[in-house]
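In what follows, a structure is listed as structure tokens, so that the remarks can point back to it.
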Amino acid sequence: VIWRVSIDTRASKDDVDLEALVNDMNSSLESLYSTCSSQQTESAPLLHNGQNSCSHHHHIQHNQPRQQVFTQVSPDLRRSQPMHILAFRRLQVEEQQLRTSSLPAIPNPFPELCSPASSPVLSPGSLPPREPSSDKYIVKIFSEDGIGKVVEIPADMTARDLCQLLVYKSHLVDDNKWSLVEHHPLLGLERCLEDHELVVQVQAFMNSDSRFLFRKNYAKYEFFRNPLTFFPEHMVAWCQESDHTIPPSQLLQNFLSTSSCPEIQGHLYMKEVGRKSWKKVYMFLRRSGLYCSTKGTSKEPRHLQLLADLEESNIFTVTLGKKHHGAPTDYHFCIKPNKTRGEMKELRMLCAEDEQSRTCWMTAFRLFKYGIVLYQNYGVPQQTKTLLSHFSAPVRSVSENSLVAMDFSGRIGRVIDNPVEAQSAAMEEGLVWRRKTRMHILGSHSPLHHSSLNSVIHIAQLWFYGRITREESHRIIHQQGQVDGLFLLRVSQSNPKAYVLTLCHHQKIKHFQILPCEEDGQVFFSLDDGVTKFTDLIQLVEFYQLNRGVLPCKLKHPCTVVAL
């Protein structure tokens, strides 16, 4: 009755055939009910226009009279019977398959990309199914100050992508020196993840107490720039001839090439399993694994014992002191299987004679395990840098290019046309900024004495660490990569009025004392007993970033601690 009223209303306006319209609607509905009763399924597959999906049933219904259609309706089927959700979803899948199979063949513009290669058309089954990864995982990242940040990442996010995400969210400078560190505090182990490693896969084999750290690592790819520093000649040899060293020009090529067979050899201290004692043995690191010789320095196969498989293991640095493990030196590291939760009996604890030897073993382990993938990771930021180097001048905004130097010392401002005068004005403005900036550090808004300002202006700098011990400065330098020019400044423990410059050079950490000196009532800072004097520590650092002076190398990389 409701349908007839609505149809009558429309008929009065549009002037349609009421009886024909009602008969067509009843015919479509009753044909649907007849099909449902004839099939033993929850519902019949339909197209969008309400017709049966089976072509032969569709043809029969249009050729049969309406009375015969009414006789096919089952008396047990009610017209208000609901359609199950699962059945309806199956209808949609079958409908989509039916519509896809009826599409005409499309000429294939790229036949070589399809399987088989000679296929001239794109069939529906030749296209790969799109399965976007919608799974999200929760990862907590910690900074050096112990504060964590929860990040939701997809399953295919690499360590490099996550570092770039953290750099973007924390408003940091993306200099391709950031890294994600796998840290195990109870075991005292940590390692920097490679850029291509999937974060979710690494997290799956971490303990509940383990965590990810976000920090700088300047030495991640430093061996590509200075290979001779990382691989001393007496430790690198061919597998076929132990006395034949690799030429310096082909050192990295032989490590990356799968056809060559270089190896790392030398003595290492190894902690015996289940004991606290250490034993000095001769070891060899090859692509197949880490071996130790059971008879002196013999390389015969019957005298070699496999200690670790590179594909199934990762190499870690040991953060706990040598007193914890009773190591003979401070240069110990560890090889840990990938799929273990970190039981001490499964760890292979090793110790080197010096820092250079430890760095050589650990770097060669990475190269043998990942090979050319490491060089590809290293080349990504280099390609970006090459693209930017094509610009002759730094890219600026339109508003910055329209700026001019102005002089407002008089009653009316004027444009400074002379470039020498403009440069001197900029330097003078910078000196004024030094005197006015960071007044809040002393907690007073009153004018500061010049010497008082010079003694505190460096507090907010990233390279200043305040009152830390010598051992703590060594730990920070080691964590951020022992590369030439890595430095920090700290307060001297022996002289409270002095400061100490901690600098890394040739994988050795050196300390230089900065003493205050007074001249004409003004306090200066000097690193060379008053020969070169600076009004504050910022000027001192900026000078030695451009000039080596009495230092073994220039100041290149400041140790940076960033809070997320």
Can a donor-acceptor pair be found, under 3.5 Å and without considering hydrogens, that links the side chain of W178 to the backbone of V167? no
Under the salt bridge (charged side-chain N to carboxylate O under 4.0 Å, His left out) criterion, do E263 and K299 qualify, and how do the steps go? CA-CA 12 Å; E263 68 177 16; K299 290 186 178 182; 2.3 Å; yes
Straight-line distance of S293 OG to L304 CG, nearest 0.5 Å: 6.0 Å
If you define the side chain from C-beta out and look only at heavy atoms, does anything of T560 sit under 4.5 Å from K177? no
Can we call the ring centroids of F224 and Y375 under 6.0 Å apart? yes
Report yes or no: does R366 contribute a side-chain atom to a donor-acceptor pair with the main-chain N or O of K220 at less than 3.5 Å? yes
Test side-chain contact (heavy atoms from CB on, under 4.5 Å) on L501 and H511; report intermediate values, then the result. CA-CA 6 Å; L501 171 65; H511 304 273; over 6 Å; no
Note, Y499 side chain near S492 side chain (heavy atom, < 4.5 Å): no
Does the side chain of H184 come under 3.5 Å of the side chain of R191 through a donor N or O and an acceptor N or O? no
When you compare the side chain of F365 with that of I335, does any pair of heavy atoms fall below 4.5 Å? yes
Where do K149 and S170 land on the side-chain contact (heavy atoms from CB on, under 4.5 Å) test, with the steps shown first? CA-CA 11 Å; K149 188 175 205 177; S170 303; 4.0 Å; yes
Could you pull out the closest heavy-atom pair between G371 and L256, with the gap in Å? O-CD2, 3.5 Å
Is it the case that the side chain of H505 and the backbone of K554 share a donor-acceptor pair, with hydrogens and angles ignored and the cut-off at 3.5 Å? no
Side chains of T359 and Y331, heavy atoms from C-beta outward: is any pair under 4.5 Å? no
Quick check for you: to the nearest 0.5 Å, what is the distance between T502 atom OG1 and L488 atom CG? 4.5 Å
Do F333 and W361 make the cut of ring centroids closer than 6.0 angstrom? no
May I ask you to decide if M157's main-chain N or O and D161's side chain share a donor-acceptor pair within less than 3.5 Å? no
I want to know whether F368 and F255 have ring centres closer than 6.0 Å. yes
With a 6.0 Å cut-off on ring centres, are F524 and F534 close enough? no
Looking at Q507 and T229, what are the two nearest heavy atoms and their distance? NE2-O, 4.1 Å
How far apart are the closest heavy atoms of N217 and C192, and which atoms are they? ND2-SG, 3.3 Å
Keeping D536 on the side-chain end and I538 on the backbone end, is there a donor-acceptor pair under 3.5 Å? yes
Is the shortest heavy-atom distance from the side chain of H506 to the side chain of C553 under 4.5 Å? no
Hey, are the side chains of Q265 and R286 touching, using non-hydrogen atoms and a 4.5 Å cut-off? no
If only side-chain N and O atoms count, and only distance matters, is there a donor-acceptor pair under 3.5 Å linking D484 with Y218? no
Assess the side chains of D354 and S357: does a donor N or O sit below 3.5 Å from an acceptor N or O? yes
Stacked cation flag R211 on F142, 6.0 angstrom / 45 deg: yes
Where the side chain of S210 meets the backbone of M206, is there a donor-acceptor pair that is under 3.5 Å apart? no
Dump the intermediate steps for side-chain contact (heavy atoms from CB on, under 4.5 Å) on Y465 and I468, then the final yes or no. CA-CA 7 Å; Y465 280 73; I468 62 174; 3.7 Å; yes
Is there side-chain contact between F464 and L462, with at least one heavy-atom pair below 4.5 Å? no
As an exercise, state the distance from CD of E152 to NZ of K136, rounded to the nearest 0.5 Å. 6.0 Å
Give a yes or no answer on whether the side chain of S526 reaches the backbone of D528 with a donor-acceptor pair at less than 3.5 Å. yes
Smallest separation among heavy atoms of K216 and S179, with atom names: C-OG, 4.3 Å
Intermediate values then yes/no, side-chain hydrogen bond (donor to acceptor under 3.5 Å, both in side chains), Q253 and S257: CA-CA 6 Å; Q253 288 85 341; S257 176; over 6 Å; no
Between H196 and T158, is any side-chain donor less than 3.5 angstrom from a side-chain acceptor? no
With side-chain hydrogen bond (donor to acceptor under 3.5 Å, both in side chains) as the criterion, how do D195 and Y221 come out once you've worked through the C-alpha distance, each side chain's angles and the decisive distance to 0.1 Å? CA-CA 11 Å; D195 288 342; Y221 301 117; 2.8 Å; yes
To the nearest 0.5 angstrom, please state how far the CD1 atom of I509 sits from the OG atom of S473. 6.5 Å
Heavy atoms of L187 and H325 approach each other most closely as O-NE2, 4.2 Å
Rounded to the nearest 0.5 Å, the CZ atom of R475 sits from the OG1 atom of T469 at a distance of 9.0 Å
Just checking, any donor-acceptor pair under 3.5 angstrom between side chains of K508 and Q482? no
Does some side-chain heavy atom of L350 sit less than 4.5 Å from a side-chain heavy atom of C334? no
For L165 and V151: C-alpha separation, side-chain torsions, deciding distance, then whether side-chain contact (heavy atoms from CB on, under 4.5 Å) applies. CA-CA 9 Å; L165 177 63; V151 183; 3.8 Å; yes
How long is the straight-line distance from CD1 of I147 back to CD1 of I141, given to the nearest 0.5 Å? 14.5 Å
So, does E197 use its side chain to make a donor-acceptor pair with the main chain of E194 at under 3.5 Å? yes
Looking only at atom types and distance, does a side-chain atom of H183 sit under 3.5 Å from a main-chain N or O of V181, one as donor and one as acceptor? no
Candidates K336, E182, K369 - the one meeting side chain to side chain donor-acceptor pair (under 3.5 Å) with N314: K369
Return the minimal non-hydrogen interatomic distance between L252 and P227, and the atom names on each side. CG-CB, 3.9 Å
Would you find a donor on one side and an acceptor on the other, under 3.5 Å apart, between the side chain of T329 and the backbone of E353? no
